[in-house]
Structure formats: structure tokens, C-alpha cells
Amino acid sequence: MPELPEVENVARTLRPRLVGTRVLGVEASGLPLRRPVDLARLRAACKNARVTSVRRVGKYLLLELSSEKVVLAHLGMSGRLVFAASSEPRRPHTHALFALEGGLDLRYVDPRRFGVLRVYDLAQLEASPELSVLGVDPLEDGFSADYLHEALAGTRRELKGFLLDQGCIAGLGNIYACEAMFLAGVAPRRRTNRLSRNRAVDLHRAIRSVLETGIANRGTSFSDYVDADGEAGSNQDALWVYGREGEPCRTCKSLIKRVVQGARSTFYCPRCQR
DNA sequence: GCATTACCCTGAAAGC
DNA sequence: TGCTTTCAGGGTAATG
């Protein structure tokens with residue numbers, strides 16, 4: 001389940017082999033992802049264009065091209081963007097394939113098809129329906145303790161729902177939201193407007209910390225996630241609460257609890273988080 | 001404005 | 001063993 005750290009690692013592993021490389025052609029399975037894939041538009045944007053940069057915004061990957069177009073990709077729940085030799089057989093659920101010069105492919109594989117693959121004009125990217133609604137990226141300078149405190153104070157939602165809202169903070173998903181709440185010592189059902197400035201400072205620090213740790217550990221690989229080189233991450237071994245229902249808290253030994261909020265599981269320590 | 005629910009989808013795990 | 005059911009969840013839309 002790719003969240004910000006996993007997408008960041010995909011971007012980092014794509015860059016060395018992708019930037020400066022020419023795309024020779026594009027193929028697609030014809031099956032829709034979360035939205036249909038417009039193969040004609042992809043081909044027109046990519047054919048004989050060079051990749052000029054690979055960026056990440058929230059959970060979105062952006063491949064900028066010399067054609068002044070941008071390929072926007074979201075990996076959904078089970079999506080992978082991986083390199084493969086063009087001679088290598090295609091794995092099942094390969095929904096897009098970018099043939100690169102040098103005999104290499106970049107392949108988009110997504111069994112559950114919750115992902116997104118679209119093309120935008122570079123000049124219109126920021127106004128796209130995907131990016132225009134995003135809040136601040138938590139690794140960017142704009143994500144300060146002040147920003148977070150103000151955003152928390154401006155609503156009275158439950159904290160967990162706030163953290164998952166990409167319009168507030170772009171890039172947190174279920175795993176890192178749970179981990180950040182644990183590190184900050186805040187209960188998932190706490191109303192955001194009831195959090196003091198000190199608690200906001202703690203939460204800000206915790207969000208940065210769990211994301212940076214996730215990146216350093218090359219992502220959390222529970223089932224599907226691998227980077228562009230096909231390598232799994234190790235952050236699943238460093239989690240405090242996520243997926244640990246009924247197991248002892250690593251800090252106080254209380255049993256980790258699970259509740260459902262907005263149809264998503266939330267894991268927390270009832271003693272450490274208040 | 002916000003919470004809840006359904007939906008999209010497939011593979012893994014659980015249940016029988 | 002083998003079949004069926006349940007569950008997982010990111011984002012969106014509909015509903016209350």
C-alpha cells in the first residue's frame with residue numbers, strides 16, 4: 001500500500017535510469033484503472049520524448065517529458081512501477097508498458113486497478129483534478145508546526161480522518177497516520193480543535209519522523225509494495241502500532257487496539273495515546 | 001461541514 | 001483438500 005515514503009522510494013529508484021532516457025513507445029492492457037487509461041494520449045505525449053524529471057507530490061508520481069507533457073501516476077493499493085528487460089515476459093496485471101531506449105521497459109503493474117495513469121500538459125498540471133485539491137506535502141517547507149496547528153484548529157473532526165484527508169496533508173495513508181499518532185501520543189478520536197499548540201508541535205514532529213524513517217527503511221512492504229528495482233522495504237519491522245492488534249505496546253506493554261474509522265482500521269495504544 | 005456507506009478490484013486468509 | 005466468504009484499503013460520490 002504505497003504512501004508517501006513508498007512513492008518517494010519509487011521516484012528515487014526511477015530517477016537514475018529514467019531521467020534523460022527516451023521513450024520509444026507505449027502499450028496498455030486496455031483494462032481501466034480507477035479511471036480509463038487514454039492510450040492514444042499517452043502515446044502522443046511519450047513517443048520519442050525524453051524523461052526530463054521524476055517528481056513526487058503527495059502520493060502522486062510525476063514523470064515530466066521533453067514534449068511538455070507530464071505523466072501522472074498513482075499506485076493505488078497494489079500498483080507497481082518497475083523496470084524490466086524488454087525480453088522479460090509480462091507479469092499478470094501489467095496495464096501499461098513504456099518501452100525505453102536501451103532495451104528496458106518501465107511497466108505499470110496493478111492487480112487491483114485502484115491506481116491512476118494520466119497525461120497532462122505541463123502548464124495545466126497544477127490545475128488537474130488530482131493535484132489541485134491536495135494540501136501541503138509534509139516533507140516540504142510549507143508544512144510547519146504553525147500550518148498544522150492552524151489547520152487542526154480550523155475544524156473539529158476526529159484526528160485520524162483529518163490526517164488521511166489529502167486536502168489537509170498530502171501523502172499520509174493509514175499506516176503512517178497511525179504511526180504518527182502513536183509517536184505524538186494522541187488518541188485517534190481526539191477532536192482536532194481540542195489539540196493544544198504543544199500537541200500540534202508534537203504531531204508535526206511525529207509526522208516528519210515516521211515519514212523520514214519510512215523512507216530510510218525504503219518503505220513498508222506488507223504485501224505488494226516494491227520499488228522500481230523490485231526491492232521490498234523493511235519499515236514493516238519498525239512499526240509501533242499498525243497491524244499489531246492484540247500485541248503488546250513496545251513502550252508500555254498494554255495491548256494494541258484496533259477500531260474502524262471511516263471504513264479503515266486504526267491501530268493505537270490506549271495507554272500511550274490520550 | 002462532516003460522518004457514513006457503497007463502490008471499484010483481486011489476492012490472501014479464514015471459515016466450513 | 002477444495003470451495004466459499006471475508007477482508008484489506010485510496011479515492012470518489014452519494015446520502016444523511
Side-chain angles (χ1 to χ4, degrees), chain A residues 1-8 10 28-37 56-62 72-81 90-96 107-118 128-135 137-138 150-181 187-195 211 214 219-226 232-233 235-236 239 241-246 256-268:
Chain A
M1 41 196 95
E3 303 180 26
L4 186 154
E6 290 74 36
V7 180
E8 178 64 29
V10 173
S29 67
L31 291 174
L33 302 176
R34 204 166 74 221
R35 299 163 180 270
V37 175
R56 177 197 59 76
V57 175
K59 300 178 196 173
Y60 289 97
L61 272 168
L62 303 169
L72 175 149
H74 191 294
L75 301 177
M77 289 293 302
S78 56
R80 299 176 173 191
L81 265 174
R90 291 179 201 181
R91 297 169 54 100
H93 312 294
T94 299
H95 297 297
R107 300 180 183 182
Y108 184 96
V109 182
D110 187 2
R112 272 173 262 190
R113 290 196 271 134
F114 276 19
V116 170
L117 198 58
R118 305 191 82 181
S128 66
E130 287 83 8
L131 299 196
S132 63
V133 298
L134 292 183
D137 187 289
E150 266 185 44
L152 290 166
T155 176
R156 54 179 304 278
R157 307 168 68 177
E158 291 180 347
L159 176 60
K160 175 71 181 310
F162 172 91
L163 293 178
L164 288 186
D165 187 340
Q166 302 299 296
C168 301
I169 303 172
L172 283 183
N174 208 19
I175 296 174
Y176 294 96
C178 289
E179 295 295 298
M181 289 187 293
R189 290 206 191 277
R190 279 292 294 268
R191 297 285 167 176
T192 55
N193 60 328
R194 303 290 300 276
L195 293 171
L211 294 175
T220 304
S221 294
F222 267 120
S223 51
D224 298 295
Y225 168 71
V226 293
N235 199 58
Q236 62 278 9
L239 299 177
V241 287
Y242 185 85
R244 300 192 62 242
E245 181 185 14
I256 300 300
K257 288 200 166 183
R258 182 179 77 97
V259 291
V260 175
Q261 292 177 279
R264 307 278 185 266
S265 289
T266 299
F267 299 87
Y268 70 103

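Just so it is clear, the structure is predicted and the values come from calculations on it, not from any experiment. Below, chains carry the letters A, B, ... as their sequence lines are ordered, and counting in each starts from 1.
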| Within the pair A/R113 and C/dG10, is there a side-chain N or O less than 4.0 Å away from OP1 or OP2? | no
| said: Please determine whether a side-chain nitrogen or oxygen atom of A/R258 lies at a distance below 4.0 Å from atom OP1 or OP2 of C/dA8. | reply: yes
| task | Scan A/Q166 against the nucleic acid and name what it touches under 4.0 Å (heavy atoms): base, sugar-phosphate only, or nothing. | result | sugar-phosphate
| request: Please work out if A/S265 contacts a base, only the sugar-phosphate, or nothing of the nucleic acid, heavy-atom cut-off 4.0 Å. | output: sugar-phosphate
| said: If I take atom CE in residue A/M77 and atom P in nucleotide C/dT12, what distance separates them, rounded to the nearest angstrom? | reply: 15 Å
| task | Would you mind classifying the nucleic acid contact of A/Y242 as base, sugar-phosphate or nothing, using non-hydrogen atoms under 4.0 angstrom? | result | sugar-phosphate
| note | Judged by nearest nucleotide, the residue sitting upstream toward the 5' end of DNA chain B, A/A263 or A/T155, is A/T155
| said: Looking at A/H93, I'd like to know whether one of its side-chain N or O atoms comes within less than 4.0 Å of OP1 or OP2 on B/dT10. | reply: no
| A/L31 CG - B/dC9 C1' separation (whole Å) | 11 Å
| remark: A/K160 NZ to C/dG9 P, in whole Å, measures 8 Å
| query | Below 4.0 angstrom from OP1 or OP2 of B/dC2, is there any side-chain N or O of A/R156? | reply | no
| task | Using whole Å, report how far CZ of A/R264 lies from P of B/dT4. | result | 13 Å
